[in-house]
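These numbers come from a predicted model, not from an experiment. Computation of the quantities below employed the complete heavy-atom set of this structure, encompassing side-chain atoms and omitting hydrogens, waters and symmetry-equivalent molecules.
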Number of protein chains: 2
Amino acid sequence: MTESSTSYTDVLIIGAGPSGLMAAYWMARCGVNARIIDKRGTKVVTGQADGLRPRTLELLDSIGVVHRVLHEACGAAEFTFWVPGEDGQLKRQEQHPIHDVNISPFGNCLLNQGRIERFILDAIQECSDLEVERGVLAESLECDETLEDRSDAYPITVTLRTLSEEEANPSCSYGGSGGVRNGLFRSNATGDDWDDLIKRSKERTGNVETVKAKYLIGCDGAHSWTRKQLNIPFEGSTTEHIWGVVDMVPITNFPDIRRVCTVATEHGTLLIIPRERQLVRLYLPLQAVDGTSACLDRASITLDMIRQKAKQMLRPFDFDFRICDWWTVYQVGRRLASNFTKGRIHLAGDAIHTHSPKAGLGMNMSMQDGFNIGWKVALVAKGIARPSILTTYELERKRTAQMLIDLDRRLQPLFVKKQESDAAESTAASNGNETLMDMIQLSIAFANGYVCYYGSSSLVHKGGEGIAANLIPGERFPPAKIRNQADGQAWWTTRLFTSDGRFRIVLLAGDLRREDQRQRVSTFSTRLASAESVLQRYKPEGEKFDSLVEVITIHSAPVRDMDFFDFPEMLRLFDQERGWAYDKIWSDDECFWDRQCTGKGYNIWSVDRVRGALVILRPDQHIGWVGNIEDVDGMTGYFEQIFQSPEKILNVESNA
Amino acid sequence: MTESSTSYTDVLIIGAGPSGLMAAYWMARCGVNARIIDKRGTKVVTGQADGLRPRTLELLDSIGVVHRVLHEACGAAEFTFWVPGEDGQLKRQEQHPIHDVNISPFGNCLLNQGRIERFILDAIQECSDLEVERGVLAESLECDETLEDRSDAYPITVTLRTLSEEEANPSCSYGGSGGVRNGLFRSNATGDDWDDLIKRSKERTGNVETVKAKYLIGCDGAHSWTRKQLNIPFEGSTTEHIWGVVDMVPITNFPDIRRVCTVATEHGTLLIIPRERQLVRLYLPLQAVDGTSACLDRASITLDMIRQKAKQMLRPFDFDFRICDWWTVYQVGRRLASNFTKGRIHLAGDAIHTHSPKAGLGMNMSMQDGFNIGWKVALVAKGIARPSILTTYELERKRTAQMLIDLDRRLQPLFVKKQESDAAESTAASNGNETLMDMIQLSIAFANGYVCYYGSSSLVHKGGEGIAANLIPGERFPPAKIRNQADGQAWWTTRLFTSDGRFRIVLLAGDLRREDQRQRVSTFSTRLASAESVLQRYKPEGEKFDSLVEVITIHSAPVRDMDFFDFPEMLRLFDQERGWAYDKIWSDDECFWDRQCTGKGYNIWSVDRVRGALVILRPDQHIGWVGNIEDVDGMTGYFEQIFQSPEKILNVESNA
């Protein structure tokens, strides 16, 4: 029996993996009318991605869940290389740091993708009733391009079908850049995931529903159904390299089994990744070193073949395992979608880029995609921001996707080439080839997300070098731990600039013990409060003064030399119910009880401690604009390109 | 309609507040057959206790939830005093640290009791199916003393009745050391508490059940029903001092409203406690300063009277509030139960001590009570430990309870005495009276839980001063952050020594780069492995070698100078399924990516870096015994007084 009905939603998200959930977070947090569906009947519990980079952890801090990641994850601060010595025996070489401890509050760590999804799901639940509809398949997609210019129109039509339990939970399915072998047992799920193992929607099996949407975000993986409907080419190719991946509890005397390391052997290079709950992940090349893998049938590979290969590569050390949490076989496909956006439909995650998992970047890039498109679609769907900002998505994310694929391409030969029994040759560049270590050093800033190279756009106004050399428009705001003026407590800026959908004016107010600086800040505040101020002009009727843009002040004097009430009222807004906003005034001051709070923020940002600077942050903590404290016009100009005129917002509100 | 039935449980806990939940945690973790009931229909959500001391946070670390506390709580590192200046106007004096940043990983913080209960409940759920049975009242208690010597007997009989919704959720009830005004709305509950607001057990209303138990722990608050059934006197008295407490969002220009401070005025002393979610708690003396509060009727006090008193005390600053999360009125009762234990029944928390909340210690002491009795009852109920260890509960906790009440008595006059308009007099001791600041300094080690003064007993063998001057039997193991030999990651000992019910042999192995030290450690390991070893003799049949006692090695050489496989096998046990135990070998080494990991553990413990020491930790991280690495006999002697002989354990197992 099937039923059919039609419903309306502002935003439909297809796919509830890391990128889809990140996008959904913004919908939940910004109060957008949205839905998120996934064809799988249950949440991922084992396997899949596991690497988390510093920048991703910063994002997770901004949505309030990073403490849970750090509690469960396995840290990875160093990379160790094993190569054959002159006697042909494996030998440990030097260890190398994977990240720079001074650039981010967070390092690299490893944790199963399913746990990350759990934390994002909980962050969504904390601020809304949005739930993932599992076991629901999109079956047709139409888009009426003639309606795309009308903000109140629903140009997208999707039909959804609720799957039967068998359809939603196939015993063995391939997807993403790897394959999934489902093994959902309560025994390998964490307590707070148990509820998700209870199958849902059975009574609705076969239901067909027509959904009309204003925006669609396709996060449906490497074999993206959404991308195919849009006829967007997925350029690149599948290589002949076949890899095995296994999450197991090792029984071995290899001494670095609990350290991130590569083991270069004559059979190719093995990658070892220690994980939570005593698990270790191995990546192994399964084809022959001479490249004759074309004759290997991927489906014929067994867990025991992977076991034997690992034994072979780790010789003379013993190796085996009895507990296997998950395993799969994948063939490297290195592909990039030619477009990330078509009309009001955007693609994110594996749907637009696939590559090998060896750089440990896949989940990170996918989450950052979802994070990037999510707030933009949310603000446009709410009528706050102009639809034109959506074009920045492809501009910003396609370059990083291309860089990711390039990095993966350069890494590949290092893992599959025959390793000479020569320590000197395997560490230094040979015949112009890069070594793995060179690659890692080169890519450290990009891979860890310290830099992202977002280009100039309506959301990124380049400039301001003379004012704050290290606050580069387009890049993330370099994190610092700063102290609250009212209570003296130290917070990382990554958490303070919480992902709530608001832009931020960060007033680096300088040293207010000086009269001239007090005067500059006072003038700035007066202009911000005036009727012509961008905050006044774009504020939706009935909303709070800072509903679109929050003003955060970070001064450079010690906390004890200033008083919360020394600052202009505009910088610490009064609320009839909640009194003064104590969370708006901060100091770049050292904190005796917190070693991470060093009072070095202005130095990190390269901002003059007396004169300060004015910065606009986008909702995703990326820098949009930098200027002098006097440059209120420049600041206003930035927002004028982004926000809808208040009348426009009013119209949208009244249509809702 | 009522039904009656009889059931059996090893341990029954009455009361699911902080002390009852801590005790229940041990039952869940150790796999004890246990039940926990509470007469209230729902979990606490607002109000009640809120202060968390460093030692309590260490315990919460050992059960795996401290990261959630730190994420939500409001930190409190300093105490500020406001007193009238020479002109009679309130003036801020110096700030004083509340805790020593070098003694514990954690400082002081503030968070609603309901959140702490949530975290413990989640820790319980993570390891068992034990659930709090809410809306269940104990109605009768009998204990057959003739059965108390038989380990397989159930000498305790309790009848339980399931309450109706009205009985379980009275609109206004008084309990604990303060009163509770229920205000359960979804709006002031956090997302993960919502489920608990759904009323349960309705269909079972009126059911009467007879429960037979081996052990009973009464954690049912200041008006403890359990204590009354046992006719245990509750000695002390209720003073005439009446206090108001309110959790609200302040509207004020008092500059330190977001800092822990006292404001001494002619109307008595106001205590200000900043809290999570913009809340601030105020404690106000409501009686007249001349002590004529006898005429005040506690029930007649309104929220507005509290508001007016706060306004009066904070003059000339403005003060008001519109949002009130919770408020109550309490009369200080300073009482101590004459016994904490009767036969197989133990009392914990407010049931044995009441006092004012001003020292911020109530919830801490109660949790520490529950933590102390919990593991002892759990191990005895499982037949692992001798029942004689249970006598240490009163020995250890009664002294701390007495100290707490003494501290509270000495604090009291400082809050209610008339404050002279003389800054000099109010800071220095006047007429031999202590000032608040003096008191805080004096009590800092006790209040923060750095010391606990547990006396000599079968669980605490005094001695070892010459070997490790700062490892004092009876006290907690001073925390340090140390590095894992196998993966290099840094962990606090508070988390490493997880509360799983096991004793621990901590082998401070010294510097194993030296041949003589390697020999000492090798000899120790050989003796540990021998058939006469305490681990071999007491190990229950079929259980792992370290099921009762875990061996943790912390050496003093740098991680890079040693290899995991350099250590004797006995120190890194092999498991057929899980391989080598990589989590057993640690180094007191500095870690470049973690500023808290300073390689100073041996210094903190005052242990020779070459020769090391041998330490026994109880399951609660308290030091039981200290000796030289050679003193295996001394170590064995410790365990012989605690564990049941293996035959005894076998018998219990076969009876179960």
Colleague: Which answer fits D594(A), side chain, backbone, both or neither, if we ask what part of it has an atom under 4.5 Å from a heavy atom of chain B?
Modeller: neither

Colleague: Set out, in order, the CA-CA distance, both residues' side-chain angles and the distance that settles side chain to side chain contact (heavy atoms under 4.5 Å, CB included) for Y582(A) and I257(B), then state yes or no.
Modeller: CA-CA 9 Å; Y582(A) 298 103; I257(B) 198 71; 3.3 Å; yes

Colleague: For the interface with chain B, which of D487(A), T252(A), V249(A) has the highest count of heavy-atom pairs at distances below 4.5 Å?
Modeller: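 Ranked by heavy-atom pairs under 4.5 Å with chain B, first place is D487(A).
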
Colleague: Given heavy-atom pairs under 4.5 angstrom as the criterion, report whether the side chain, backbone, both or neither of F321(B) touches chain A.
Modeller: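 No part of it gets close to chain A.
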
Colleague: Would you mind telling me which of R68(B), R495(B), H71(B) has the largest number of heavy-atom pairs within less than 4.5 Å of chain A?
Modeller: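 Most pairs with chain A among the choices: H71(B).
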
Colleague: Look at the aromatic rings of H67(A) and H67(B) and report parallel, tilted or perpendicular, splitting at 30° and 60°.
Modeller: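 Correct class here is tilted.
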
Colleague: Is E577(B) in contact with chain A via its backbone, its side chain, both, or neither, using a 4.5 Å heavy-atom distance?
Modeller: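 Both parts, heavy atoms under 4.5 Å.
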
Colleague: Heavy-atom distance under 4.5 Å to chain B: side chain of P255(A), backbone, both or neither?
Modeller: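 Contact with chain B is through both the backbone and side chain of P255(A).
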
Colleague: Give, as side chain, backbone, both or neither, the part of A490(B) having an atom under 4.5 angstrom from any heavy atom of chain A.
Modeller: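 Interface part for A490(B): neither.
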
Colleague: Below 4.5 Å from any heavy atom of chain A, which atoms of F319(B) appear? Answer side chain, backbone, both or neither.
Modeller: neither

Colleague: Quick one: what part of N253(A) sits under 4.5 Å from any heavy atom of chain B, side chain, backbone, both or neither?
Modeller: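 Both parts, backbone and side chain.
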
Colleague: Please look at E78(B) and chain A and tell me whether the side chain, the backbone, both or neither of the residue comes under 4.5 angstrom of a heavy atom of that chain.
Modeller: side chain

Colleague: Could you tell me which of C74(B), G579(B), G107(B), P274(B) has the largest number of non-hydrogen atom pairs under 4.5 Å with chain A?
Modeller: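 The option with the most such pairs is G579(B).
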
